[in-house]
Asker: 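This is the structure I have questions about; it appears just below.
Below, each value reflects all heavy atoms present in this structure, side chains not excepted, and no hydrogens, waters or symmetry copies.
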Amino acid sequence: MSDLIIKTEQFAVDLLTNKLDAKYLYHNLKHTQRVVKSTKELLSFYKIEKQEEEALVLAAWLHDTGYTKGAKNHEKSSCVIASDFLEKQGCNPEFVKKVGTYIMATSRYHEPQNLQEEIIRDADASHFAKKSYLETSDALKDELEQLNIASFSNKEWCNENIKMFKKEHKFYTDYARKNWQEEKDKNLKKIIKEKKAEKDIAKKEAIKAKYKSDSPDRSVQTLFRVTLKNHLKLSDIADTKANILLSVNAIVISLALSNLIPKLDNPSNTYLIYPTLIFIVFSIISMVLSILATRPNVTSGEFTKEDVNEKKVNLLFFGNFHKMKLSDYEWAINELTKDKEYVYSSLTKDLYFLGKVLDRKYKILWWTYTIFMVGMVISVIAFGIAFRFFGPERMLL
């Protein structure tokens, strides 16, 4: 895999994870990853030029990034995003234009003009031949409703799917017709069967409607999920930084103890005592601060029923319940799940106190790195002064 493809993957994943509206339940990162996988499957069968292969894989990664700007004319928006990104990577204009052409080939009514366009179109529609098609189809239906683009009853949606399968869509490449058409036909039969089962569909819709009314809004879920993920990632980064400094200072002190300090017994080396002391003291301070940055705080690990009834305790943090009996904790969790506001409150508290911990860690790390940097500079200056004014040659004079 080329560096450009790796960078493009990272760019697309970041964009579709952090910039895409949570209402896009179908045209999201999962869909893009499926298109990339299908593109590579087709490319493994068709032997085309390396540059063409790379352009197709890049187009697969970038073809739906335009949804971050809105659903309308998203292919053109994707081309603009792809062009800006690839130009920054130093790609030549012809190559950038080629990638844009392949992205535009994914437009709904586009008829492919060559094998490359056939590959990207078949890859984009590969979900028609997946066993998970019905779930994918439901995600698209929900997406259209949430974006206020269209709203369909189950019967209407089945009719739209049947129309798509029979009249509009077809696989273009020989490979797709040979390897994917059979599964696509099976999915069509499932849709027709689902259309006939009117009562089962109505029951499914009722359950689904109840689930939606009882479940938190997706945007709220995404907010808590992304924020918690970012908090944990920042915490891991802080711990890694602290461990790096701890290791570096441990090595520095070990080298000083084994190589430098034994030489101080020699009267001719007494001029090194103070520089060495400064060197070691700063290293020890850095080590202590690194340990403080990662040292966990011990909490009581207990709560009362009054705390739960008054919604004062955060049941999501292990430090608040690790000494409790299982039966008491199960009771508390049951009380928590009964109250949506208490759930949100607990999640909010969890994020808040994680933020407080991060604030403490990063403040200590700032001082640790500052002291380490200042200590190294002062130590080098001290050794320089000692050699210049109190070194062996000066002692002989």
Side-chain angles (χ1 to χ4, degrees), residues 1 3 6-7 9-18 29 222-264 272-302 313-324 346-384:
M1 187 182 294
D3 289 340
I6 294 172
K7 290 179 181 178
E9 177 181 352
Q10 293 171 345
F11 173 76
V13 170
D14 178 67
L15 201 62
L16 295 173
T17 301
N18 300 314
L29 177 60
T222 303
L223 183 147
F224 281 113
R225 188 185 307 113
V226 171
T227 308
L228 179 60
K229 180 182 177 181
N230 290 338
H231 277 50
L232 295 176
K233 188 174 182 180
L234 287 171
S235 182
D236 288 340
I237 291 171
D239 290 342
T240 301
K241 289 179 178 290
N243 287 329
I244 290 172
L245 268 184
L246 188 62
S247 300
V248 169
N249 282 289
I251 293 170
V252 167
I253 292 173
S254 298
L255 292 173
L257 292 174
S258 60
N259 296 308
L260 192 55
I261 290 180
K263 295 179 181 179
L264 299 180
L272 295 174
I273 291 177
Y274 288 108
T276 303
L277 183 62
I278 293 171
F279 186 56
I280 292 176
V281 166
F282 273 104
S283 294
I284 291 174
I285 293 173
S286 297
M287 283 186 67
V288 171
L289 289 174
S290 298
I291 293 170
L292 289 175
T294 54
R295 186 179 65 172
N297 291 325
V298 179
T299 53
S300 62
E302 292 181 312
V313 61
N314 175 19
L315 298 174
L316 306 181
F317 176 56
F318 80 95
N320 293 332
F321 62 79
H322 64 87
K323 292 183 180 179
M324 301 294 294
S346 297
L347 287 169
T348 303
K349 287 177 182 176
D350 203 37
L351 291 175
Y352 175 79
F353 288 111
L354 274 173
K356 297 290 285 184
V357 171
L358 283 175
D359 176 63
R360 173 182 170 275
K361 282 187 177 183
Y362 276 92
K363 281 182 178 177
I364 295 175
L365 276 176
W366 186 89
W367 280 107
T368 305
Y369 273 88
T370 302
I371 289 172
F372 179 75
M373 176 182 65
V374 172
M376 292 299 103
V377 173
I378 293 176
S379 298
V380 170
I381 293 173
F383 275 108

Asker: Going by the salt bridge (charged side-chain N to carboxylate O under 4.0 Å, His left out) test, which pairs reach into residues 275-289, not counting sequence neighbours?
Answerer: none

Asker: With sequence neighbours left out, which residue pairs that include part of residues 237-248 fulfil the salt bridge (charged side-chain N to carboxylate O under 4.0 Å, His left out) condition?
Answerer: Asp239-Lys361

Asker: Out of Ile284, Leu277, Ile278, which residue meets the side-chain contact (heavy atoms from CB on, under 4.5 Å) rule with Val281?
Answerer: Leu277

Asker: Measuring from Asn249:CG to Ile280:CD1, what's the distance to the nearest 0.5 Å?
Answerer: 11.5 Å

Asker: Measure the CD1-CH2 distance between Ile285 and Trp367 for me, rounded to the nearest 0.5 Å.
Answerer: 11.5 Å

Asker: Does Phe282 have any ring-ring contact (aromatic ring centres under 6.0 Å, His included) partners at least two apart in sequence or in another chain, and if so, which?
Answerer: none

Asker: Supply the atom-to-atom distance Ile237 CD1 to Leu358 CG, rounded to the nearest 0.5 angstrom.
Answerer: 9.5 Å

Asker: Which residues pass the salt bridge (charged side-chain N to carboxylate O under 4.0 Å, His left out) test with Lys7, sequence neighbours left out?
Answerer: none

Asker: Test side-chain contact (heavy atoms from CB on, under 4.5 Å) on Trp366 and Leu289 and set out the steps.
Answerer: CA-CA 10 Å; Trp366 186 89; Leu289 289 174; over 6 Å; no

Asker: Taking only residues at least two apart or on different chains, which pairs with a member in residues 365-375 satisfy salt bridge (charged side-chain N to carboxylate O under 4.0 Å, His left out)?
Answerer: none

Asker: Ignoring hydrogens, what is the shortest heavy-atom contact between Thr368 and Ser286? Give both atom names and the distance.
Answerer: CG2-O, 3.5 Å

Asker: For Asp14, enumerate each residue passing the side-chain hydrogen bond (donor to acceptor under 3.5 Å, both in side chains) test, keeping only those at least two apart in sequence or located in another chain.
Answerer: Asn18

